[in-house]
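Per chain, numbering begins at 1; letters A, B, ... match sequence-line order.
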Amino acid sequence: MINTLINPKQIIAARVAKELKDGDVVNLGIGLPTMVPNFLPADVNVILQSENGYIGLGPLDGDIDPDLVNAGGQPAGIIRGGAFFDSLFSFELIRGGHVDVTVLGGLEVDVHGNLANWMVPGKMVPGMGGAMDLVTGAKKVIVAMEHMAKSGSSKILQQCRLPLTGKGVVDMIVTELAVFRVTEEGLIIEELQEGVDLETVKEKTEAVFKINPSIK
Amino acid sequence: MINTLINPKQIIAARVAKELKDGDVVNLGIGLPTMVPNFLPADVNVILQSENGYIGLGPLDGDIDPDLVNAGGQPAGIIRGGAFFDSLFSFELIRGGHVDVTVLGGLEVDVHGNLANWMVPGKMVPGMGGAMDLVTGAKKVIVAMEHMAKSGSSKILQQCRLPLTGKGVVDMIVTELAVFRVTEEGLIIEELQEGVDLETVKEKTEAVFKINPSIK
Amino acid sequence: MNKITSMEEISSILTDGMTIMAGGFMGVGTPQELVTAMLESGVKDITLIANDTAFTGTGVGPLIVNRRVKKVIASHIGTNPETGKQMIAGELDVELVPQGTLAERVRAGGSGLGGVLTPTGVGTVVEEGKEKITVDGREYLLEKPLRAEVALLKAYKADKAGNLIYHRSARNFNPLMALAADTVIVQVEKIVEIGEIDPDEVMTPGILVDKIFVQGGC
Amino acid sequence: MNKITSMEEISSILTDGMTIMAGGFMGVGTPQELVTAMLESGVKDITLIANDTAFTGTGVGPLIVNRRVKKVIASHIGTNPETGKQMIAGELDVELVPQGTLAERVRAGGSGLGGVLTPTGVGTVVEEGKEKITVDGREYLLEKPLRAEVALLKAYKADKAGNLIYHRSARNFNPLMALAADTVIVQVEKIVEIGEIDPDEVMTPGILVDKIFVQGGC
């Protein structure tokens, strides 16, 4: 499968997919995270939760139903065994720890597990939507993002500078270069992506991180 | 109709019925309050809310359904246009001011609108059930009770002595002797029941009350 | 009591400066004909409570584009560029609320609670100006109830008593808002007689619904 | 993942000293066969969270009569004289909670809230030992979340994914408790294949349900 991973986003999505277990209830942010299910093995079925009010998000199946959209407002489907509910219940599930994993993009993440992904003051203020509830309530928060911003600067920082989405909420960071875990002792690099060496990661990462002994 | 009111409970229920308007959403406590609908004129239809989770409580209609009971746990029915919901939503309706009138029995009421009807320390501790929410949330709280306890003592007091169900919650008191309103200036007697004189009420009432000028 | 209403009656209910809640998520589950009624009524200086401001041409978006809104309380405004433009120009007041918190605040307003204690937003700009309450060692924000004078909702089906059934993901904020407004007006695709909806299937009981507008204006 | 369970498996889940929630209102909507499973398992020193203690012979009443309960958190105990008797004798700890507050506390426990601010109980013995919070000039009690290790629920119908439909007034506390326990076991009258329940009609989604016990033990 590795051979088919032609771009950074696919590398990231494929690695995140390995974190999901059969039966997990998962909420995926828009953009890159929505690519994750494409990389799940055939024997791993996850249940996607959509914060606009349902469980069992699936691809569009048959005709478009104008009343059936995903959390990005795009036409979507529902799998057999899914269920619709209102926004209150949707966030009871999210905030109440009934979502096993959420995968979200990030503008900045830091060694404390802080995440910033909802606004750039003076430039972009779209609103937080459901992201703040997701990072607060999901059992596991995975940030899936390219390692560097378009400007080339590191997105993994010692301390976030943008307004936070959540404080101390991130469990894992997956980029096209490496996989990190946020622990009480700070950030730890757990894996290097195929063909990447540790020096490259150090060079491209502002944050100070520890190294899992398994990495050489 | 007066001729048929052979006992104090009927006199009370008939008078309470006059307070209900067509379309009112009403929650009736167990006992005497459940008699109120019997005295509604044909053109007044109220909608009964049952705190165990529905709107449209009606008399048992056809076979007993073991899943369909009133708030006293007794077999009941539902009118056309009724709706079932869970206990959370039931009390959203109650506490949120969506119930127009609640009619409850009382052990003691006082001039401040305090009500005690849920326990007698050392004797009877059944629990408050939904009563505390009802007196807090219903738009109008009517206490429907006999004027005196079995011992002959007044149940309308200067200050309740039993543990309260609610503080400053009662709007109106209907007994077989009189009708009182609780106002910011204290208790006011508004009406005498048929054949009752003011002296009798004064004699049998511990609370100090003002007199509506319409009463002579 | 006949709850079936007309565009004219709706117009007469709406007044300048009102606080209005509207159901919908990016326009799905938004009562589009009631939004049109608002536009045609000329009502302005509205405080709008909605999940998002949708797109310029659909959902509640046209209310923003046509400058009928003075203040918006929402979780997301990114899909309607006009909202951000008016906000930056200082012409529109925007209060951004996390989506789950928005749902809780509307429910609190509709169910007689004094507010809600949520962990969402602790340590972010969302906590600014809010009371923090510690319960068993964890910090929560005290988020206050929201209510409106009018709620504009969309359902799939109603009976003449106002019992509602929603369809698919068009349910979203509609059931919560039905609790939290003085006057609740719902646009429906289909109306049936009382008794035709099984009481177990009702999603919003008719006692919460004041006016029913049948889509297409039957 | 097969969620269908047996009396034996349920017994193995129950351990002494557990906190257990049970759905039902005076026995209606209580999973009577799961109560029997509890009795037969010999489990004791339970903290029981339920709306009421029903009657001596039905609902959760037999758990009280058979002295399996150490503490009960409920809104009403009046219909089961055994509860009051054990309470007065100092053998059973009883925490009485207003019914609406009980529902809110269970929901708070299941939905990640730090508690609920309710006006119910202000000025009564219910406020004893509780924090009072003033919001916009009105006093509210801070009522804390409730959770359990196991919830024992009753539904009318389930599909094999655990999606539930309740019937009539037997719904009551069941849907709330499905959110608030580590392990959720539901007794159902009827089981159908996945896909046979329309997603708009699901009252509790299957992701909340761990074990399904089919009535009569199919």
query: CZ of C:R107 to CZ of A:F89: how many Å apart, nearest 0.5 Å?
result: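 Reported to 0.5 Å precision, the distance equals 12.5 Å.
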
statement: Rounding to 0.5 Å, atoms OG1 (C:T118) and CZ (A:R95) come to a distance of 5.0 Å

Under a 4.5 Å heavy-atom cutoff, which of [options] has the most pairs with chain A?
options: C:G84, C:G29, C:P98, C:A74; answer: C:P98
options: C:V125, C:L96, C:N80; answer: C:L96
options: C:V28, C:N172, C:T124; answer: C:N172

- prompt: Does the side chain of C:V126 reach to within under 4.5 Å of the side chain of A:M128, using non-hydrogen atoms?
  reply: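 With C-beta onward as the side chain, the pair touches.
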
query: Do A:D86 and C:N174 come close enough that some side-chain heavy atom pair is under 4.5 Å?
result: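 Side-chain contact under 4.5 Å: no.
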
Is [X] atom [atom1] crowded by more than 12 heavy atoms from other residues, nucleotides or ligands, each under 6.0 Å away?
X: A:F209; atom1: CZ; value: yes
X: A:I188; atom1: CD1; value: yes
X: C:K130; atom1: NZ; value: yes
X: A:K204; atom1: NZ; value: no

Which portion of [X] sits near chain A, non-hydrogen atoms under 4.5 angstrom:
X: C:M203; value: neither
X: C:P119; value: both
X: C:E127; value: neither
X: C:L176; value: side chain
X: C:V97; value: backbone
X: C:V122; value: backbone
X: C:T53; value: neither

- request: Any pair with a residue in residues 55-67 of chain A that passes side-chain hydrogen bond (donor to acceptor under 3.5 Å, both in side chains), sequence neighbours left out, goes on the list, sorted by first then second residue, please.
  value: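 Passing the test, one end in residues 55-67 of chain A: A:D67-C:H167.
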
task: Scan residues 78-102 of chain C for pairs that pass ring pair (Phe, Tyr, Trp, His ring centres under 6.0 Å), counting only residues two or more places apart or in two chains.
output: none

Identify which part of [X] has an atom lying under 4.5 Å from any heavy atom of chain C, answering side chain, backbone, both or neither.
X: A:T165; value: backbone
X: A:F91; value: side chain
X: A:L88; value: both

field: chain C neighbours within residues 134-149 of chain A, where any heavy atom lies under 4.5 Å away
entry: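 The list, in residue order, reads A:T136.
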
Heavy-atom contacts under 4.5 Å, residues 70-79 of chain A to chain C: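 Against chain C, the residues of residues 70-79 of chain A that fall inside the cut-off (heavy atoms, under 4.5 Å) are A:N70, A:A71, A:G72, A:G73.
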
task: Return the minimal non-hydrogen interatomic distance between A:E51 and C:Q99, and the atom names on each side.
output: O-OE1, 3.9 Å

query: What are the two closest non-hydrogen atoms of C:R171 and A:F84, and how far apart are they?
result: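 Distance-wise, the nearest heavy atoms are NH2-O, 3.4 Å.
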
Residue selection (most heavy-atom pairs with chain C, distance under 4.5 Å) from [options]:
options: A:G129, A:S50, A:G53; value: A:G129
options: A:L68, A:N52, A:I94, A:L164; value: A:N52
options: A:A83, A:S87, A:G127; value: A:S87

- request: Using atom types as modelled and distance alone, determine if a side-chain donor or acceptor of C:S169 lies under 3.5 Å from a backbone N or O of A:V69.
  value: yes

